[in-house]
S.K.: 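One structure is given below, represented as structure tokens, and several questions about it will come after.
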Amino acid sequence: MPVRPEESTPLPQQLPTQESAPVTVFASPGSWIESDAVVQCHQVAALDGMSRVAGMPDLHPGKAAPIGAAMLSSVLYPHLVGSDIGCGIAVFPFPLKRAVPERLAGRFPDLDRALDPVRDADDPAWAVLDGDIPAGHLDGVGTVGRGNHFVELARVGTVLAPDHADRLGLAEGDLVLIVHSGSRGLGERILRAHTERHGAGPAPDPAGYLAAHDAAVRWGALNRRLLAARVAHALGSAPAAPIVDQCHNLVEVRAGRYLHRKGAAPGDGRDVLVAGTRGTASYLVHGHAGAAANHSVAHGAGRKMSRADALRRGRAKHTVEQLRRTPVGSIVVCGDRQLLFEEAPGAYKRIEQVIADLVAHGLATPVATTVPLVTYKTLDAAARPARDRRRARGRR
DNA sequence: ATGTAC
């Protein structure tokens, strides 16, 4: 007599070994948080070894994990940090006598083109590296990247904590350069090497992953300095060390556990630039987030729309000219029209609400606002929408 | 966000 299937089926091996970790989202009830992102937080919370998931007010859905979240676990999961290991935002002093956006926009260097050690041997920007290129990785060195990355010349607007701003050497009207960029191809390569063998599973050799990860974090920070130096030399300012530089995609080892940050900046006693949008102010804040928030603060306004939605709705609502010359009078250097729509201010949440939520939950204190003058995204026009390409062909 | 495949 044949054995019935259930009799030959072994007992399931994946019995639940623990309750799901607590999930806290630090946003007010009125703040828009996509339910998909909260679902992703709960999926992460159910992972083996997870002890706490903290969603920041800029929380939104990511590809494999939520963006705007800090996730504490006894197990190291590379996919929770994602491919742009070492991505962060730095603020540099940028003393210029005069800053007319129209004139300065045209003087930005080509930050889509990597510095070549031979052809650009004489470029003074190399000096900030001091000969140190982590992992020997030269691909894309000195480039800003795509997506939400940018290099922005901004003016300090409202000073909200004068003593703190003073300590940072910032006063109303001062110029700063804000650089949001990561580890370009290096972090992507590190995640891919893990994913090819282990998918979304844990790192079997945490020390090995962390060694590669730390190099990408260092590469990202050095690249932000390199970008700032390139712009400083081109615009006639003096290259300087950053006054603020915090990485929001990384793993931090805390008391033997792994704190994964994905779009969540370190908020434990540190100063962080919380990026607004390409056309609204950003906020420099002092973070003082505790254990409940996994010692983290938001990293930006957070997407409100997917890139596809932003493109569709943005095209109906705005002209390219409106997005390149913003309501605050700044200029957005972006040759790629699709990216311009994807990154339109309306595709993001209101930064004031994100900051208000951080304040309401006691995670941060605003220090000063920065108001954009020129935001560099890309000079490259390669990825224009198909309709524009058809039009361009028609004109020939 | 990325390099790469389509």
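Letters A, B, ... are given to chains in the order of the sequence lines, protein chains preceding strands, and every chain is numbered from 1.
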S.K.: Do you know which of A:R303, A:R337, A:R324, A:R146 makes salt bridge (charged side-chain N to carboxylate O under 4.0 Å, His left out) with A:E343?
M.R.: A:R303
S.K.: Please go through A:L72's hydrophobic cluster and name the other residues, only I, L, V, M, F, W, Y counting, with side-chain heavy atoms under 4.5 Å joining them.
M.R.: A:L259
S.K.: Under 4.0 Å from a heavy atom of chain A: give me the 5'-most and 3'-most nucleotides of DNA chain B that qualify.
M.R.: B:dA1 to B:dG3
S.K.: If you count the non-hydrogen atoms of other residues, nucleotides and ligands that lie under 6.0 Å from CZ in A:R270, is the total more than 12?
M.R.: yes
S.K.: Categorize A:R192 for me: base, sugar-phosphate, or nothing, with a 4.0 angstrom heavy-atom threshold over every strand shown.
M.R.: nothing
S.K.: Could you list the cluster mates of A:L138? Members are the ILVMFWY residues connected by side-chain heavy atoms closer than 4.5 Å, either directly or through other members.
M.R.: A:L76, A:V81, A:I85, A:L115, A:W126, A:V128, A:L129, A:I133, A:V141, A:L186, A:I190, A:Y209, A:L210, A:V217, A:W219, A:L222, A:L226, A:L250, A:V251, A:V253, A:Y258
S.K.: Among A:T158, A:L160, A:L273, A:T370, exactly one meets side chain to side chain contact (heavy atoms under 4.5 Å, CB included) together with A:Y283. Which residue is that?
M.R.: A:L160
